[in-house]
Amino acid sequence: MRFPQVHQSRLDSLHYEAPNDKNIELIQSIPEYELGSSDREENSTIGTRTESEKTEEPERPAPDQEEQDTEEERLQQIQAKKLRELKIQQAMADQEKMTQMAKELEELKAAIKTLTKGKDAESSLISASTESSKELCINLPKLFTGDRSQFSNFINALDVYFAINEGAYNSDTRKIGFALSFLEGNASSWKTAFIQQHTTNRALNLGNYANFLTTIKKDFKEVNKKGDAIYKLQCLKQGNRHAEELVSNFCVLAHHAGLISTPSPGATSSSRSTSDISSDLLLQTWFKDTLNRPLLE
């Protein structure tokens, strides 16, 4: 059975064109009796292929779903950005904190170093002060019992002791207290009176050392120093003394008596005896009287 020419042309055109919905609808609109068996088979194949192509084509998401996915991605990107910024800020804060701690640590080290130096200097000052205030062990002045002839020796011994131990006796109170501790015998009553005089409402104020010396010298000075020295010269005996010691004692008494001049510094006892004693007949007589009898014979 032959189909009209017009139908064959339409089939030929459909055969060469790519299948689409319009062509399929056009083919399906052709009456079945106008199509041959081969045409019906081809039409069926085209329809089947078109359906399979429709089935294999992926489904496109709905516009609302796409917008929702895009919005979620955008929010995730914003959150990730904020998280990165927070991490950067935290790292910067930690770095600044570490820098501040390092600075404070250096300041603390400097303060400790300064404090250590200050303590070392203070220790050195304390040590120096302790050394200067340490009392040297030298011979103490002899006790003063009120013997006026020994008063000058007592005062001289005090002056020497205070000069050597200046750091230990650097106040008037210490000096006066030290001097009072050596007053015994007849001088102890003077010490008691002095303490009572300088005590007010049970508070002891010893006063100035210079005033102390003035007071004690006034009360214990020798009334007749020359007469006492002459008397001691007449009573002086050698005894167990060596010759040089005897000559030295004799010259000191003779000087206090005003019989000889003050010996020059560095002069020996022998030079004093030859220059002063030998020139005075009275001194020669007194000196001979001090010697032991075997020496005179």
- Item | Single-linkage hydrophobic cluster, 4.5 Å side-chain cutoff, L136 and V160 together | yes
- Around D94, counting heavy atoms of other residues, nucleotides and ligands shown, do more than 12 lie under 6.0 Å from its CG? yes
- Would you say the side chain of R74 lies within less than 4.5 Å of the side chain of T70, judging by non-hydrogen atoms? no
- Query: Between T114 (side chain) and A110 (backbone), is there a donor-acceptor pair under 3.5 Å?
  - Reply: yes
- Task: Give the cluster check for L143 versus I138: same hydrophobic cluster or not, with ILVMFWY residues linked at side-chain heavy-atom distances below 4.5 Å.
- Result: yes
- Taking every non-hydrogen atom, the tightest pair across R174 and A168: NH1-O, 2.6 Å
- In sequence, state the C-alpha distance, the side-chain angles, and the governing distance for F220 and F154, and then conclude on ring pair (Phe, Tyr, Trp, His ring centres under 6.0 Å). CA-CA 11 Å; F220 287 101; F154 174 68; 9.0 Å; no
- Message: Tell me if a side-chain donor or acceptor on N170 pairs with a main-chain N or O of E166 at a distance below 3.5 Å.
- Response: no
- Message: Are there over 12 heavy-atom neighbours, none belonging to N186, within less than 6.0 Å of that residue's CG?
- Response: no
- Query: Which pair of non-hydrogen atoms, one from L246 and one from Q238, has the smallest distance, and what is that distance?
  - Reply: CD2-CB, 3.6 Å
- Item | Sidechain-backbone polar pair: N201 side chain, A203 backbone, donor-acceptor under 3.5 Å | no
- Got a salt bridge between K82 and E85, using NZ or NE/NH1/NH2 to carboxylate O under 4.0 Å? no
- At their closest point, which heavy atom of L158 faces which heavy atom of P141, and how far apart are they? CD2-CG, 3.9 Å
- Item | Pair F182 and F144, ring centroids less than 6.0 Å apart | no
- Query: Is the closest side-chain donor-acceptor distance between D147 and T145 under 3.5 Å?
  - Reply: no
- Roughly how far apart are T290 OG1 and R241 CZ, rounded to 0.5 Å? 9.0 Å
- Steps toward salt bridge (charged side-chain N to carboxylate O under 4.0 Å, His left out) verdict (K103, E106): CA-CA 5 Å; K103 183 178 179 181; E106 291 297 328; over 6 Å; no
- Query: CD of E96: more than 12 outside heavy atoms within 6.0 angstrom?
  - Reply: no
- CD of E72 to CD of Q79: how many Å apart, nearest 0.5 Å? 10.5 Å
- Treat each ILVMFWY residue as a node, draw an edge where side-chain heavy atoms are under 4.5 Å apart, and state whether V252 and F287 are in one component. no
- Message: Under 4.5 Å between side-chain heavy atoms, counting indirect links through other Ile/Leu/Val/Met/Phe/Trp/Tyr residues: same cluster for M92 and L86 or not?
- Response: no
- Nearest heavy atoms of R148 and D219, plus distance in Å: NH1-O, 3.1 Å
- Note on the structure: Nearest heavy-atom contact between K217 and I155 is CE-CG2, 4.1 Å
- Could you check whether the rings of W190 and F194 sit parallel, tilted or perpendicular, using 30° and 60° as the cut-offs? parallel
- Is M101 reachable from I112 through a run of hydrophobic residues whose side-chain heavy atoms are each under 4.5 Å from the next? no
- Message: Can a donor-acceptor pair be found, under 3.5 Å and without considering hydrogens, that links the side chain of N205 to the backbone of H198?
- Response: no
- Query: Heavy-atom distance under 4.5 Å between the side chains of F250 and H255, does that happen here?
  - Reply: no
- Item | Non-hydrogen atoms of Y209 and K175 that approach each other most closely | CD1-CB, 3.6 Å
